[in-house]
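Counting from 1, the numbers follow the sequence of the chain as shown. Both backbone and side-chain heavy atoms feed into the values below; hydrogens, waters and symmetry mates do not. Quick caveat: nothing in here was measured; it's all calculated off a predicted structure.
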Amino acid sequence: MDKVLFIDIDSEFGHFNFNKLFIENLLEKNFEIDFALKEDYYQKIKPNSNSLNYAISNYFGFLKGKMGYRINHILELLRLKFL
């Protein structure tokens, strides 16, 4: 069984339908999925199996602007890497 790490740092609700279809398709093909999503977003998607492995929080949300947005993403990915 192949494993997939599904990361969506922003977890935007505009991408909800695409992500839900993508996750369902992976589950149909028997992929084992680890998730890194915001908790409320994960609760709305509710995949048939698997559990939330990494909760994305807004630890670095104090960074503002375009550059702050990019730095926030880098810091979140680094935090996930070292969990």
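- Counting heavy atoms from C-beta on, the side chains of Phe35 and Ile45 never come closer than 4.5 Å.
- Atom CG of residue Leu26 and atom CG of residue Leu21 lie 11.0 Å apart, to the nearest 0.5 angstrom.
- The distance from the CG atom of Asp8 to the CZ atom of Phe22 is 11.0 Å, given to the nearest 0.5 Å.
- Checked by atom type and distance alone, the side chain of His15 never pairs as donor or acceptor with a backbone atom of Ser11 at under 3.5 Å.
- Remark: side-chain polar atoms of Lys3 are not paired, donor with acceptor, to backbone N or O of Glu32 under 3.5 angstrom.
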Next item on the list: Step by step, work out the side chain to side chain contact (heavy atoms under 4.5 Å, CB included) result for Val4 and Asp2.
Entry: CA-CA 7 Å; Val4 173; Asp2 293 325; 5.7 Å; no
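- Ring pair Tyr69/His73 is tilted by interplanar angle, where 30° to 60° counts as tilted.
- Within 6.0 Å of the CD atom in Glu12, the count of heavy atoms belonging to other residues, nucleotides or ligands exceeds 12.
- Hydrophobic cluster membership differs between Ile7 and Ile74, with clusters built from Ile, Leu, Val, Met, Phe, Trp and Tyr side chains linked at under 4.5 angstrom.
- A cation-pi arrangement, defined by a distance under 6.0 Å to the six-membered ring centre and an angle within 45 degrees of its axis, is absent between Lys44 and Phe16.
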